[in-house]
Amino acid sequence: MLDTADLIPALHTTFGFSAFRGVQEQVVRRVLGGQSTLAVMPTGAGKSLTYQLPATLLPGTCVVISPLIALMHDQLRSAEANGIRAASLTSADANREETIDRFRAGGLDLLYVAPERASQPHFRELLGAGQISFFAIDEAHCVSEWGHDFRPDYRALRPLMDSFGSVPRLALTATADAHTRADVLAQLGIPGDGLVIAGFDRPNIRYVISHRDSGFQQLRDLLKQQPGPGIVYAPTRRQVEDLAARLAEATGRRVLPYHAGLPVEERAANQAAFVASEDMVMAATVAFGMGIDKPDVRFVAHAGMPKSIESYYQETGRAGRDGDDALAVMFWAAKDFALARERLSELDESRRASERARLDALAMLVESPTCRRAMLLRHFGEDPPQACGNCDNCLEAPGVADGSVVAQKLLSAAYRTGQSFGIGHLEKVLVGASDDRVVQRGHDRLSVFGIASAEEARLIKPVARALQARGALVANEHGGLMLSGDARAILKGELPLAVVLPPAKGRRRSRGEAVANPVGNPLFEALRALRRELATEAGIPPYVIFHDATLREMATRRPASLAELGAIGGVGARKLEAYGDAFLSVIRQH
Ligand code: ADP
Ligand code: ZN
C-alpha cells in the first residue's frame, strides 16, 4: 500500500492541497487498503476528498450513492474542475448512454447514482459489466430510521453491495448521534471497527446567541455588517416570505425566500441563484438543508429558536465550509420556549420526556454565561477546553447576577395574582406602578405590590426569561404566566437562579467582525472579478474555480509564473492549466 509520503503529491496534483485535514488521511488509507469504513465527519471537514482521491488512485470506478440530484451535480462539477473523470447516472442526465459506455470501458473514476437505481436489476447487471473500486455512500445516515432524513431506497444498497461482496464500502455522514451511527454500520454491513470519527469542532465558526429584542432590526444590522452569502432561518413559511421582502427592502441586498410551500421551479431557481452568488441572502425554513453544498456561506442566522441543539449544530454547520471565518447568530425570545413547552402537551406521553430534555438543553445553551462552543461539544460527548476564544461569551464575558430573590418575588407575584397575567402586568405590580388595571384588580393591595427595589426592577425581565426558558414559568393560552417545573424549589429558596444580563446598550464587540477578505484591495477585487467572469462563462459557481482563500493568497504572494501559482493552496494541475494564464495576467497588471 502507498504510504503518506506517496499520497501528498497526488493530493497536491489533483486538489492543490499540501496536507490532509483531520481524519482524512486515516480514511483515505483505509479505503486504499480495502477496509470498509464509516467516516463520521462534521460538515466542512472535507468528506468528498476521502473518496475522490482514492477513486483516482485505484483501478476501476468508485460508485457514489448520493441522495439528491442537486447535491450530485454539485460534487460532479467540483470533481470535473479538478480533472477527475466523473459522471452521474440520474433521470436528469441526458447522456446516460455515453456514461454507461464510459463505465464499461473503465473510463470513469467516479460514477454518481441516486439510491433508487440501486434496487434495479439493470443497474446490478451494469455494475457487473465493469470494474468497481469501492462503493461510497454519501449522507449515509439516510439509511437509518433514527436519522432525520430517512430514505427507504437506501435500504436497497446493502443487498446490492453484498452481491459484490469483495468490494469495500465507504459510508460518509456528519450525523453526530451514536444511535444513528450504530444503525448505519448495521444497515450497510460495515464492521464496528470500521468507524472513524472526527472531532466535531468547527473552529472557524463564531457562535453568538442574543436575546431578540428588536428582532427585525437585529437581522437588518447583521445583513449590513456581513456582505457575504448568508442564510436566515425562520420558523414558518409566512415569516420567511415576510423577512425576505422586508430585509431586501431595508438593506438593498438580494434576499430570496425558500420553503417547502413554494412551487418547485421557484425553489430550484432560488437555490441555484444562492449557490452561484457571492453576496446573496436566503431566508428559509429548515426545508433548506441537505442540498446546500455551498462552501462560502459566511453567516447563518436563526431568527427564532431552533428545534434542538442537534438541529442548531447542523444548521449553523452550513456556514464556513471553506474554512474561512464565519458567523452563527441566534436570536431567541422567552416566547419561543413558552410556545415549544406548550406544544409538549400535544405530544405522545412516551415522547414528552425526551422532548422536554431537548428544550432544557437548549435553554441551558442560550442562558449560559460560559463558552458556547464548549457547551455544544460537551453535548456531543467531547471534552473541549473551557474557553474557545471565538464565541460571544469568550470574547466578552456577560454580566451575571444572582436572580434568586427577584425570582422569588416574581413567582409569588404570579401566584398571588391568580397565575393569569403576563410579564408586563407582573412587573408593574412588583415595582408598585398603580395603573388602572392594577387598581381595578386590587393588585395594589397585595403584599407583593412594590416590593422590588429599583436595583431589582432591572432584573425582572432577565429573570422572567430565565424562568421561562427553564420551564419554571409557563404561559397559558391567554399569555398568563403559571408556576411549573422548578418554580416551587426556586420560590422556597432551594434552587438558586443566576441570570445573564444583556450587554449595555450598543453593539457587542463579538458581533459582525467575521470578515476574512481584505476590503478595498484592488488586486483581490480584480481576481474576484476575473473569477466571476470565468464562472459565468462556464455556467458554474465562482467557488468551483477557486475559493476566496486561494485568491487571497494570490493577492499577497503575487506569483509570477505558473510554477509559483501552482504552489498556492487550492491550485491543482487541472486548474493551473485551465485558469493559470488568466490569473497570472491579472496579477501582472496590478
Ligand atoms: P464536507 O462534505 O465534509 O462538508 P467538503 O468535502 O465539501 O466537506 O469540503 C469542504 C471544503 O474543504 C471544500 O471546499 C474543500 O475544497 C476543502 N478541503 C477539503 N480537504 C482539504 C484539505 N486537505 N486542505 C484544504 N482544503 C480542503
Ligand atoms: Zn467560547
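Ligands are counted one by one from 1 in listed order, and the atoms in each one are counted from 1 as well. Residues: numbered from 1 along the sequence shown.
- Compare R321, H547, Q24, R318 by their heavy atoms: the one nearest to atom 14 (O) of ligand 1 is in H547.
- Looking from atom 4 (O) of ligand 1 to the surrounding protein, the closest heavy atom is G44 N, 2.6 Å.
- At least one heavy atom of A19 sits under 4.0 Å from some atom of ligand 1.
- Numbered from 1 in the order shown, with element, the atoms of ligand 1 that lie under 4.0 Å from a heavy atom of A45 read 3 (O).
- No more than 12 heavy atoms of other residues, nucleotides or ligands shown are found within 6.0 angstrom of CD on E577.
- Among all non-hydrogen protein atoms, the one lying nearest atom 5 (P) of ligand 1 is S48 OG, 3.5 Å.
- Under a 4.0 Å criterion applied to the non-hydrogen atoms of T43, ligand 1 contributes the atoms 4 (O).
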> Where do W332 and F337 land on the side-chain contact (heavy atoms from CB on, under 4.5 Å) test, with the steps shown first?
Replying inline: CA-CA 9 Å; W332 69 281; F337 280 93; 3.5 Å; yes

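- Here the options are V143, V40, T180, I137, the test is side chain to side chain contact (heavy atoms under 4.5 Å, CB included), and the partner is T173; only V40 passes.
- In this structure, of F15, Y51, F20, F17, the residue bringing a heavy atom nearest to atom 22 (C) of ligand 1 is F17.
- Between D293 and K47 there is no salt bridge, since no side-chain N of the basic residue sits under 4.0 Å from a carboxylate O of the acidic one.
- The atoms of ligand 1 that sit less than 4.0 Å from any heavy atom of P42 are 3 (O).
- Taking the six-membered ring where the residue is Trp, F17 and F15 present parallel rings, their angle staying beneath 30° rather than reaching 60°.
- Residue M364 qualifies as open at atom CE: its count of foreign heavy atoms under 6.0 Å is 12 or below.
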> For V329 and H302, what are the C-alpha separation, side-chain angles and deciding distance, and is it a side-chain contact (heavy atoms from CB on, under 4.5 Å)?
Replying inline: CA-CA 6 Å; V329 189; H302 281 86; over 6 Å; no

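- C388 contributes SG and C371 contributes SG; the angle these two atoms make at the Zn ion (ligand 2) is 100°, rounded to 10°.
- In this structure, a donor-acceptor pair under 3.5 Å is absent between the side chains of E116 and Y154.
- Comparing R21, Q75, K294 by heavy-atom distance to atom 12 (O) of ligand 1, the nearest is R21.
- Neither the backbone nor the side chain of A174 comes within 4.0 Å of ligand 1, counting heavy atoms alone.
- Closest protein heavy atom to atom 8 (O) of ligand 1: G46 N, 3.2 Å.
- No hydrogens or angles considered: a donor-acceptor pair under 3.5 Å links the side chains of D93 and S88.
- Residue K47 has at least one N or O atom closer than 3.5 Å to an N or O atom of ligand 1.
- Partner of D322 under the salt bridge (Lys or Arg N to Asp or Glu O under 4.0 Å) criterion, out of R202, R298, R21, K294: R298 alone.
- Residue L49 approaches ligand 1 through these ligand atoms, each under 4.0 Å from one of its heavy atoms: 20 (N).
- When heavy-atom distances to ligand 1 are checked against a 4.0 Å cut-off, M41 has no atom that comes that close, whether in backbone or side chain.
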